[in-house]
2 protein chains.
Amino acid sequence: MFISTYENKLDKKGRVSVPASFRSYLSSLGYNSVVCYPSFTNSSIEFCPQSRIEKLSDSIDSLSPFEENRDTFATSILADSFQLNFDSDGRVVLPKKLLDHSGIKETVFFVGQGKTFQMWEPQKFSKFREEARKKAKTLRSNLKWS
Amino acid sequence: MFISTYENKLDKKGRVSVPASFRSYLSSLGYNSVVCYPSFTNSSIEFCPQSRIEKLSDSIDSLSPFEENRDTFATSILADSFQLNFDSDGRVVLPKKLLDHSGIKETVFFVGQGKTFQMWEPQKFSKFREEARKKAKTLRSNLKWS
DNA sequence: TGGGTTATTATGGGATTACATGGTATATAA
DNA sequence: TTATATACCATGTAATCCCATAATAACCCA
């Protein structure tokens, strides 16, 4: 599971350390890499294990070839995805496209989301977090949890 | 089950011993760690077995990947959670964020809650307990007991 | 019941390791 | 060349391990 938030730094080569706990979860799934793509709904970068994107690809594939949404999904996710490999010290290099999308400059916020995680520019995240807190207060009762 | 209350000390490295009975319950579930997060309603820190938070993660995951509330839930809960591992003597290190939230300085109050437990700053807990007693007095008659 | 013994637990500190982060050196591609 | 990617090495800090001691609880036996 990806939980917690971490704050790491981009060096001048564009590398960031992925938090050790995130890496060890990925490697427990058998991966030495992550897949990522720009979020549709906000300025974060979404990260997930390869298996998840495969599942998503399958569900797109099961849509009718004439389904209008098919190309939309395929284009907006799969085409904009990257596979990032870890270097020997557990770092990845972020593609410029994603840096632009996210607004990340020096500092990266890693945000655990369970089966996925995100990278955020710190200020943008703190705004988002505030909103999330407010909404969650009223919505929390809707979510089932024993 | 987590029952009873205990009082232990934070050392200068920020470590506390988790009561042996709590640890042995966790290890009977197969865990050598706990998950915790700041309480939504008071200044305590909530602790639960990893399985409980995984359930939550699953129910978030069952929402559509494009569901708007998805990120809201994940961010407001999973992002603020921590997985704490026991050292070889059964201690955990409390993150500064949680020390701030709880007001814990030297002494930690452990409060068993059945499937979960809490950590409290002692004075805050005794205030809370007082309030709870008063409320219970007026609510007692509402509780059905066949 | 009491007295002494053993286990278990809590706590402190030094030593060791892991991690994030910076740098250098070498290879690849445009 | 210039930029981009990969491997390797160095270092300070923080987390973790390991051992020593203190405090507490559990036990046994006279």
Side-chain angles (χ1 to χ4, degrees), chain A residues 2-28 31-36 45 47 81-100 104-112 117-122, chain B residues 1-28 31-36 45 47 81-100 104-112 117 119-122:
Chain A
F2 301 110
I3 63 171
S4 266
T5 66
Y6 301 86
E7 187 179 327
N8 287 340
K9 295 228 156 60
L10 257 198
D11 65 20
K12 42 189 153 184
K13 291 188 191 173
R15 300 176 296 184
V16 240
S17 283
V18 175
S21 73
F22 288 7
R23 259 156 35 208
S24 79
Y25 177 58
L26 284 164
S27 84
S28 79
Y31 296 110
N32 191 41
S33 64
V34 253
V35 172
C36 62
I45 311 170
F47 287 76
S81 293
F82 298 85
Q83 185 185 23
L84 306 185
N85 300 313
F86 297 115
D87 73 9
S88 49
D89 297 313
R91 290 177 285 198
V92 293
V93 178
L94 294 177
K96 210 168 103 208
K97 233 187 209 173
L98 295 181
L99 289 178
D100 291 346
I104 290 172
K105 293 270 152 55
E106 286 196 345
T107 305
V108 184
F109 245 88
F110 291 79
V111 180
F117 67 91
Q118 304 172 335
M119 287 192 195
W120 283 86
E121 190 280 325
Chain B
M1 266 230 297
F2 303 112
I3 57 172
S4 200
T5 66
Y6 302 86
E7 188 179 324
N8 287 339
K9 296 228 155 59
L10 256 198
D11 66 20
K12 45 187 153 186
K13 290 187 189 175
R15 300 176 296 185
V16 240
S17 283
V18 174
S21 73
F22 288 8
R23 263 182 292 146
S24 76
Y25 176 57
L26 283 164
S27 84
S28 78
Y31 295 112
N32 192 40
S33 63
V34 253
V35 172
C36 63
I45 311 171
F47 286 76
S81 296
F82 298 85
Q83 186 186 22
L84 306 185
N85 300 313
F86 296 116
D87 73 10
S88 46
D89 298 311
R91 291 176 286 196
V92 293
V93 179
L94 294 178
K96 209 170 104 211
K97 238 188 211 168
L98 295 181
L99 290 179
D100 291 346
I104 290 173
K105 292 270 153 54
E106 287 196 345
T107 306
V108 184
F109 229 89
F110 291 80
V111 180
F117 67 91
M119 286 192 195
W120 283 88
E121 191 281 324

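Throughout, protein chains are lettered first and strands after them, A, B, ... in sequence-line order, and every chain is numbered starting at 1. Everything numeric here is computed off the predicted structure, so don't read it as measured data. These values consider heavy atoms only, across backbone and side chains, with no hydrogens, waters or symmetry-generated copies.
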task = Please find out if less than 6.0 Å separates the ring center of B:Y6 from that of B:F22.
result = yes

query = Out of curiosity, B:F110 CZ to B:T5 OG1, how far, rounded to the nearest 0.5 Å?
reply = 11.0 Å

Spatial distance of atom CZ (B:F117) from atom CZ (B:F109) [nearest 0.5 Å] = 14.5 Å

query = Can you tell if the side chain of B:L10 reaches within under 4.5 Å of the side chain of B:E106, non-hydrogen atoms only?
reply = no

remark   = 5' to 3', nucleotides 20-30 of chain C under a 4.0 Å protein heavy-atom cut-off (B base, S sugar-phosphate only, - none) gives SBBBBB-----

key: Nearest-angstrom distance from the residue atom CZ of B:F82 to P of D:dA15   = 11 Å

request  = Provide, to the nearest angstrom, the distance between the CZ atom belonging to B:F110 and the C1' atom belonging to C:dT9.
outcome  = 13 Å

task = Evaluate the side chain to side chain contact (heavy atoms under 4.5 Å, CB included) criterion for residues B:F86 and B:V92: first the C-alpha distance (whole Å), next the side-chain angles of each, then the deciding distance (0.1 Å), finally the verdict.
result = CA-CA 5 Å; B:F86 296 116; B:V92 293; 3.6 Å; yes

request  = Rounded off to whole Å, could you give me the CG-to-C1' distance for the B:D87 and C:dG12 pair?
outcome  = 12 Å

message = side chain to side chain contact (heavy atoms under 4.5 Å, CB included) for B:L94 and B:F82? Distances and angles first, verdict last.
response = CA-CA 9 Å; B:L94 294 178; B:F82 298 85; over 6 Å; no

task = Assign each of A:N85 and B:S88 to its nearest nucleotide of DNA chain D by heavy atoms, then name whichever residue's nucleotide is nearer the 5' end.
result = A:N85

query = A:F86 has an atom CZ; how far is it from atom C1' of D:dA7, in whole Å?
reply = 17 Å

Verdict with supporting geometry, B:D89 and B:R91, salt bridge (charged side-chain N to carboxylate O under 4.0 Å, His left out) = CA-CA 6 Å; B:D89 298 311; B:R91 291 176 286 196; 3.3 Å; yes

query = Atom CG of A:L99 and atom CD1 of A:I45: how far apart are they, to the nearest 0.5 Å?
reply = 6.5 Å

inquiry  = How many whole angstroms separate atom CD of B:Q83 from atom P of D:dA15?
reply    = 15 Å

remark   = The bend of the helix from C:dT1-D:dA30 to C:dA30-D:dT1, taken between the axes of its five terminal pairs at each end and rounded to 10°, is 40°

